[in-house]
Visitor: 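Right, I'll just put the structure down here and ask away after.
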Amino acid sequence: MNAARHAGERLMTWPGLSRGRAYCGTDLCVRTESQEIVHFHGENEADVHLTNSMIAKLRPALKRSTALRLRAGSGWVTVRLDTGADIDLLATLVSAALQAVAGLPEEGRTGIVTDPCTRHNRAYSR
């Protein structure tokens, strides 16, 4: 089983999360009722929508991980899924993303992602 599928199946056991199609077109997306949280590109990469404010809050820790890529001005973080520890990191980031979404005002939880995923622009920053 590839790492993305394994991670997706693990997240599907969490209450309140369901499978869907990502706004960027990938087939495997994990979402709440109202918001896309994570989607997978290939067998070893996931994009997590943390929101800009959560990334700002976690930036020092995020910058220390070699498994993560950040893009300037984006609310998405890309996680390279090479090991079981990377899948654990993804689960931690999904938990943070769920907290970020819960803190959004109601109009921010519409399910419409206005911040494009990392595949729209590969200019990453660290």
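Both backbone and side-chain heavy atoms feed into the values below; hydrogens, waters and symmetry mates do not. Predicted model, so just to flag it, every value in this text is computed and none were measured. We're numbering straight along the sequence, starting at 1.
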Visitor: Just how far is it from atom CG of Leu58 to atom CZ of Arg64, taken to the nearest 0.5 Å?
Guide: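 The CG atom of Leu58 sits 10.5 Å away from the CZ atom of Arg64.
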
Visitor: Which residues pass the side-chain contact (heavy atoms from CB on, under 4.5 Å) test with Asp88, not counting sequence neighbours?
Guide: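 Checked Asp88 against side-chain contact (heavy atoms from CB on, under 4.5 Å); matches are Arg10.
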
Visitor: Using atom types as modelled and distance alone, determine if a side-chain donor or acceptor of Asn52 lies under 3.5 Å from a backbone N or O of Gly75.
Guide: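 Judged by distance alone, yes, a pair lies under 3.5 Å.
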
Visitor: Using side-chain heavy atoms (C-beta onward) and a distance below 4.5 Å, is Thr32 in contact with Leu17?
Guide: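 Yes, close enough: below the 4.5 Å cut-off.
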
Visitor: Could you give the distance from CD (Glu9) to CZ (Arg19), rounded to the nearest 0.5 Å?
Guide: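 Going from CD on Glu9 over to CZ on Arg19, the span is 8.5 Å.
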
Visitor: So how far is it from Arg59 CZ to Met54 CE, rounded to the nearest 0.5 Å?
Guide: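 It comes to 13.5 Å.
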
Visitor: Is the closest side-chain heavy-atom distance between Asn44 and Asp86 below 4.5 Å?
Guide: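 They are not in side-chain contact.
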
Visitor: Measure across His49 and Gln35 and return the closest heavy-atom pair with its distance rounded to 0.1 Å.
Guide: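 Closest pair (atom of His49, atom of Gln35, distance): ND1-NE2, 3.8 Å.
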
Visitor: Quick check: closest heavy atoms across Leu89 and Ser65, and the distance to 0.1 Å?
Guide: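 That would be CD2-OG, 3.6 Å.
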
Visitor: Testing the basics here: between Ala46 and Leu81, what is the closest heavy-atom pair and its distance to 0.1 Å?
Guide: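 Heavy-atom minimum between the residues: CB-CD1, 4.1 Å.
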
Visitor: Measure the shortest side-chain to side-chain distance between Leu11 and Ile37 over non-hydrogen atoms and say whether it is less than 4.5 angstrom.
Guide: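 In short, these two side chains do not touch, never coming nearer than 4.5 Å.
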
Visitor: Evaluate the side-chain proximity of Trp14 to Val30: yes if any heavy-atom separation is below 4.5 Å, no if none is.
Guide: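 They are not in contact (no side-chain heavy atoms under 4.5 Å apart), so the answer is no.
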
Visitor: Quick check: closest heavy atoms across Ala4 and Leu28, and the distance to 0.1 Å?
Guide: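 Answer, listing the atom of Ala4 first, then Leu28: O-CD2, 4.2 Å.
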
Visitor: Which atom names give the shortest non-hydrogen contact between Leu93 and Leu50, and what distance separates them?
Guide: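 So the minimum-distance heavy-atom pair works out to O-CD2, 3.3 Å.
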
Visitor: Are any of the side-chain heavy atoms of Ser53 and Lys57 separated by less than 4.5 Å?
Guide: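 Sidechains of Lys57 and Ser53: no contact.
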
Visitor: To the nearest 0.5 Å, what is the distance between CG on Leu90 and OG1 on Thr78?
Guide: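 That separation rounds to 11.0 Å.
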
Visitor: Please find the pair of heavy atoms, one from Ala7 and one from Phe40, that lie closest to each other, and give the distance.
Guide: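 Heavy atoms only, the tightest pair is CB-CE2, 3.9 Å.
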
